[in-house]
There are 2 protein chains.
Amino acid sequence: MTAIDTTPVKSPDVDRSASAGPVRPRSGGRGRYAISEVAALTGLSAHTLRWYEQIGLMPEVERSHAGQRRFGEHDLEWLACLGKLRLTGMPIAVMVRFAELVRRGEETFDERREILERTRHEVLARIAELQGTLDVLETKIDFYAGARRASEGA
Amino acid sequence: MTAIDTTPVKSPDVDRSASAGPVRPRSGGRGRYAISEVAALTGLSAHTLRWYEQIGLMPEVERSHAGQRRFGEHDLEWLACLGKLRLTGMPIAVMVRFAELVRRGEETFDERREILERTRHEVLARIAELQGTLDVLETKIDFYAGARRASEGA
DNA sequence: TAGAACGCTCGAGTGCACTCGAAGCAAGCG
DNA sequence: CGCTTGCTTCGAGTGCACTCGAGCGTTCTA
């Protein structure tokens, strides 16, 4: 009951853009990924990954004996979660807040839910807005297409 | 046939946010609006309106004898159009390009249509993306709501 | 006609989300 | 052993879309 802080969005829909070739584990250990591997897997740059940790978006990544980051499966899942939140347009500051709540444990479930519900409303509003622009766009496209037909035919 | 460069999106869905009280015409002339009036009508700041003109987003606003801007109905329609394009998420640079094409006249209908079609695709993609995040969001919200019910009941 | 309110230009500043570079240490291969 | 590759920290730079301020002229209202 303590490991499910991330809400199990197990879908490995990790965005493989910028990945070149198969990712082979660098430092043996089961699910221990070097930063470059995680960069390849997530599409985020190594710089960005370090920055995420620095600002408190990552819980605190394990280090190798030499001090290098070793990301675990758990970290990858969390990054996938962050990716989804980022897609909603959620500002980094809110994601940081959310990450903080996750670190604090189960007593923050309510606030986490509130954040997600607010986000849901914003996403719905944005979708409606975009739907509205679609109508305008299509009207205009039809206008230009019509103008083209008119100047060609007859 | 020369006045319809804007494509007549006549819907006066001008966003009246930030408008305080009724807008009374400042400098008499039929549909001649001062910058503050246009700001109130569109929700854009006077600074932003000047900046839009400066970067070539506005065709070139008329001036009073003293050099103050006097926006016409045509300008308002164009601003409404820009507002819609902005809602699509279109970058300013593309809007500037579009404005330039509008100034160049009817021979640019094709490129205008292309821009709008590209935009339409992007909007559709963005909507799909947001729909995807909605699913995740709802799953997580349900999880937290469920956890709350579990800790309260039984 | 005084004075507040408004508008002008030009250039600098802001906030966001990265993105990059420099200097230096560490790992691992031939 | 030397070399490439990759990692570290820190701080500065980028691109976008505004946003603001200074300093000065104009216009409206009492």
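Quick caveat, the model's predicted, so the values are computed rather than measured. Just so we're on the same page: letters track the sequence lines, and every chain starts at 1.
Atom P of nucleotide D:dA17 and atom CG of B:L87 are separated by 14 Å, given to the nearest angstrom. Between A:I92 atom CD1 and C:dA17 atom P there is a gap of 5 Å when expressed in whole angstrom units. The interatomic distance linking B:Y33 (OH) with C:dG7 (P) rounds to 15 Å, in whole Å. Separating the CZ atom of B:R97 from the C1' atom of D:dC16 is a distance of 20 Å, rounded to the nearest angstrom. One can place CG of B:L49 at 13 Å from C1' of C:dG7, the figure rounded to the nearest angstrom. Rounded to whole angstrom, the span from the CD atom of A:Q68 across to the C1' atom of C:dA27 amounts to 7 Å. We find that CZ of B:R63 is positioned 17 Å from P of D:dG25, with the value rounded to whole Å. The nearest whole Å value for the distance from the CD1 atom in A:I35 to the C1' atom in C:dT19 is 14 Å.
With no hydrogens or angles considered, a side-chain donor-acceptor pair links B:T108 and B:R112 at under 3.5 Å.
Within residues 50-62 of chain A, the residues approached by DNA chain C to less than 4.0 Å at the level of any non-hydrogen atom are A:W51, A:Y52, in residue-number order.
Rounding to the nearest 0.5 Å gives a distance of 5.5 Å between CZ of B:R120 and CD1 of A:I141.
A salt bridge links B:E117 and B:R113; the closest N-O separation between the charged side-chain nitrogens and carboxylate oxygens is under 4.0 Å. Between B:E100 and B:R97 there is a salt bridge, since at least one side-chain N of the basic residue sits less than 4.0 Å from a carboxylate O of the acidic one.
Residue B:M90 is the one, among B:M90 and B:H65, whose nearest nucleotide of DNA chain D lies closer to the 5' end (criterion: closest heavy atom). Along DNA chain D, the nucleotide closest to B:L44 and the one closest to A:A46 are compared, and the more 5′ of them pairs with A:A46.
When the side-chain nitrogen and oxygen atoms of B:S45 are compared with OP1 and OP2 of D:dC18, none of them lie within a distance under 4.0 Å. At C:dT9, one or more side-chain N or O atoms of B:R69 fall inside 4.0 Å of OP1 or OP2 (strictly under the cut-off). Between B:R70 and D:dT27, a side-chain N or O to OP1/OP2 separation shorter than 4.0 Å is absent. Of the side-chain N and O atoms in A:R86, one or more sit less than 4.0 angstrom from OP1 or OP2 of C:dC18.
Within the 4.5 Å cutoff, the side chain of A:R63 has heavy atoms near those of the A:R69 side chain.
Closest contact between the side chain of A:A34 and the listed nucleotides D:dG21, D:dC18, D:dC7 involves D:dC7. Across C:dG7, C:dG21, C:dT9, the shortest atom-to-atom separation from the side chain of A:H47 is found for C:dG21. Which of D:dT27, C:dG7, D:dT19 sits closest to the side chain of B:S64 comes down to D:dT27. If you check C:dA17, C:dC8, D:dA17 against the side chain of A:P91, the one that comes closest is C:dA17.
Pairs engaging residues 127-137 of chain B under the side chain to side chain donor-acceptor pair (under 3.5 Å) rule: B:R126-B:E129 [sequence neighbours left out].
Partners of A:T119 under the side chain to side chain contact (heavy atoms under 4.5 Å, CB included) rule, at least two apart in sequence or in another chain, are A:T88, A:M90, A:I115, A:V123, B:L137.
Ring pair B:F98/A:Y144 is perpendicular by interplanar angle, where above 60° counts as perpendicular and below 30° as parallel.
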